[in-house]
Amino acid sequence: MSVTSARDVRLSLDGDVNYFTGRPYSDRFKKILAKRKELAVYDRMAAFYEMFDRNQVCLYVGETGSGKTTQIPQFVCYSDQPHLKGKMIACTQPRRIAATSVAKRVADEMDLPLGKEVGYSIRFEDVTTPDCTFLKYMTDGMLLREAMADPTLSRYSTIILDEVHERTLATDILMALLKQLIKQRADLRLIIMSATLDARKFQTYFSLEEGALVPLLKVPGRTHPVEVFYTEEGQEDYVEAAIRVVLTIHRSERPGDILVFLTGEEEIEDACRKIHQEIEFLFSHKETASSIGPLTCLPLYSSLPPQQQQRIFDAAPEPRTHGGPPGRKVIVATNIAETSLTIDGIVYVVDPGFSKQKVYNPRIRVESLIVTPISQASARQRAGRAGRTRPGKCFRLYPEHVFTRELEVQTPPEILRSNLGNTVLELAKLGVKDLVKFDYVDSPAPETLMRALELLYYLEALDSGFNLTPLGTVMAQFPLDPQFATLLIESPKFGCSNEVLTIVAMLSVPNVWMRPVHRQKEADRAKWLLSLPGGDHLTLLNAYNQYRQNINDNKWAWNNFLSKRNLAKADNVRLQLQRIMERNDIPLLTNFSDPESEVQLHENIRRTLLTGFFTQVAHWDPEKKAYLTVKDMQPVQLHPSCDLEGKPDFVVFNEFVLTTTPYIRTVSAVEPEWLLKEAPKFYDISSWPESPMREVLKRASKRLNRKTKQGAAA
Ligand code: ADP
Ligand code: MG
């Protein structure tokens, strides 16, 4: 590369002093630098600046692992564009784990402490320093939230939208907003980055002139051929099949690490445990012990603690004896490893062909995560992970005709398969008036938009003309779904905002209940000891309160089968939500603190749940032996984890879990009168068609009227 400007000198980094701190570079830094210089993106630095300097918007497409996410934002940092002074560079990621992990890596690469010049921001976790941070990795959702408070994103000079091919809901909305914003802010730079992308579509989308195209830089990665193998038939148990393939590779293939794609935490932990057991078994037998090398099996999913995440970058284990069979590393990961994080040294990929995807059914108003076959594009990306360092092999655990004839070509964008309640509220806050004519990259289904508008109308976030109400403005301040925000806003009326705040915080963090495979009975008993009559929400409240009371006992959480880490997270989330409540003058009350009024307190908490989740109610149907969801009468069962006494007639639920049987999870008992009282607009049964639920509600309505009249007479 020829040195063309001062910044190239800074970037060649051959000096001994850090440009940003004036301090000498560490040895660790120099080692990392040598690796960086091998990346394909590093090679194309001059071409990047050529494009970046001359254009307000540009596209950058490069193979996964070529260095886009780690290098391009740094190039922008070192650029000598005057518009950078005093403003920040944002680089968005669809996944939290990518934002945090890459920020850490880049801070290391720049020889700077994480959270100062280089930081990250994800929901409920802001690791940046005001007036110091200039490079900020963040989730796309966080940038969208910032846009709500500051619609021109005035604190940023450059916005890098990364992993655009993932087409998450937040990235799609950001693209539409930024397309408007670049017309208003001539000084704002926009870089659209991706691994695989229908580049033409975005070159046209972002072009401000008819027929023109936004410039594109395409950097071919240094990839090696990957041989793809299929199974003869589909697999009945793909986890079991994946484990078999891993063991076969370990016993018979040349050195090289293995990457296995599974769908979620439970499945992954289970597979890791089984692989360890099998390896132990092989080591315990004389015939096999000497012929196989050591194997480390590591999980990778988004709720994994950071130290454990970092371990995926460690080298494979050393041979057990000098000259013995070499060690191997196996990573069992979710989709995260498909494009977001690159692990060096992978030579074998095991791909059962599934991932968990969000699916929204507007008819029954529920969004759920479902294990779904991946697309051809995903399958190709996964296979590509095997060819990063040398020729590799990819084992697809399904027949070839499934790939060619059954898999979709591309995964549909999230905007087409999500509940848009939150998004519509955000757009309303951003001043978007016409949701149908808004310049989406791909427009959502009208029915889905209707459902979102309807919900926000019932929540009184929008008025009948679909304008944002003052209540809606307050709701939009919470980084929560509008139903949860409503609970916090309404809870003081029921004198239990302290308790409801705790419940919302507990529902905003990963599951706090631990249930290790070998100790399920004990874990269930521990949960039972913490449970309160009335349902899961009160039990969550009790678990948190007990945790706080025993905060000085280091072993308490462990002894009670609770995740200390997630409880601490809930504590932190609670504090942040509390601050937003205080800013909006929402008082924190516990009006029923004496033991005699506990029953009243618990009733009020359950009533509060209905102010937000009135659409997520189900009614027990003794004939069908199932709960039927309100209005659309979808039969559902209580999830086995639910902790309810008997079968209450009416329940409110937080989650809809679609497996072979549809389940509802996190459930509390409620009364029909409460529904009519707390959500009168939605439960205006005069317009409902005949149904058993309507009859029950009609009777409840009569009882309620009688009570009101009696109350008035007295
Ligand atoms: P891209 O965004 O193009 O997929 P990245 O910039 O994420 O590529 O990664 C470039 C290289 O940096 C990869 O080879 C990856 O292995 C390495 N890398 C990224 N994060 C880490 C980390 N935390 N530790 C070690 N290496 C890392
Ligand atoms: Mg990347």
Side-chain angles (χ1 to χ4, degrees), residues 28-29 31-45 48 59-77 89-112 114 118 120 135 137-140 160-168 171 191-197 217-224 256-257 259 298 300 304-316 329 331 333 335-347 378 380-382 384-390 392:
R28 180 174 154 70
F29 168 84
K31 238 182 161 162
I32 295 181
L33 179 61
K35 289 218 92 169
R36 286 175 62 196
K37 289 188 171 174
E38 290 167 12
L39 294 170
V41 164
Y42 209 89
D43 253 10
R44 304 301 305 276
M45 190 193 300
F48 170 77
L59 255 69
Y60 195 106
V61 177
E63 189 69 40
T64 302
S66 63
K68 295 181 301 297
T69 312
T70 51
Q71 306 311 307
I72 296 289
Q74 291 189 67
F75 290 0
V76 178
C77 287
I89 299 155
C91 179
T92 65
Q93 298 294 317
R95 297 193 168 83
R96 297 158 62 94
I97 182 177
T100 55
S101 156
V102 172
K104 167 89 178 57
R105 170 69 177 181
V106 170
D108 282 350
E109 289 191 0
M110 294 175 84
D111 216 14
L112 297 168
L114 180 64
V118 179
Y120 67 84
L135 173 54
Y137 285 91
M138 61 207 300
T139 48
D140 45 10
I160 305 170
L161 292 186
D162 198 2
E163 300 261 34
V164 166
H165 68 275
E166 293 256 335
R167 299 294 306 279
T168 56
T171 292
I191 303 173
I192 308 294
M193 293 207 299
S194 179
T196 52
L197 192 67
L217 184 61
K218 222 171 171 167
V219 177
R222 302 192 193 97
T223 49
H224 302 268
D257 298 336
L259 174 60
L298 299 168
L300 176 62
L304 202 65
Q307 307 88 311
Q308 263 175 285
Q309 280 170 29
Q310 210 51 40
R311 286 181 58 203
I312 59 164
F313 295 105
D314 293 350
K329 178 169 76 174
I331 312 270
N335 248 3
I336 291 171
E338 199 175 291
T339 56
S340 305
L341 291 181
T342 302
I343 308 146
D344 291 329
I346 301 293
V347 179
S378 278
R380 284 199 189 94
Q381 274 294 325
R382 288 181 174 190
R385 305 299 91 235
R388 285 259 305 134
T389 29
R390 60 183 169 81

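First listed ligand is number 1; within each ligand, the first listed atom is number 1. For the numbers below, each heavy atom of this structure counts, side chains included, while hydrogens, waters and symmetry mates do not.
Here the CE-OG1 distance, from M138 to T100, works out to 14.0 Å after rounding to the nearest 0.5 Å.
Annotation: side chain of L217 is not in contact with side chain of V61 (no heavy-atom distance under 4.5 Å). At least one side-chain heavy atom of R95 sits less than 4.5 Å from a side-chain heavy atom of I336. Looking at E63 and V219, their side chains never come closer than 4.5 Å, going by heavy atoms from C-beta outward.
Near ligand 1, heavy-atom contacts under 4.0 Å come from L39, E63, T64, G65, S66, G67, K68, T69, T70, R105, Q310, F313, T342, D344, R388.
The pair D162-K68 fails the salt-bridge criterion, with no side-chain N (NZ, NE, NH1 or NH2) lying under 4.0 Å from an Asp/Glu carboxylate O.
Side-chain polar atoms of S378 and E338 form a donor-acceptor pair below 3.5 angstrom. A donor atom on one side chain and an acceptor atom on the other are found under 3.5 Å apart for E163 and S340. For the residue pair E166 / T171, no side-chain donor-acceptor distance below 3.5 Å is found, with atom types taken as modelled.
Between D344 and the options K329, R388, R390, a salt bridge (charged side-chain N to carboxylate O under 4.0 Å, His left out) holds for only R388.
Only protein N, O or S atoms were scored, and 1 of them lie under 2.8 Å from the Mg ion (ligand 2).
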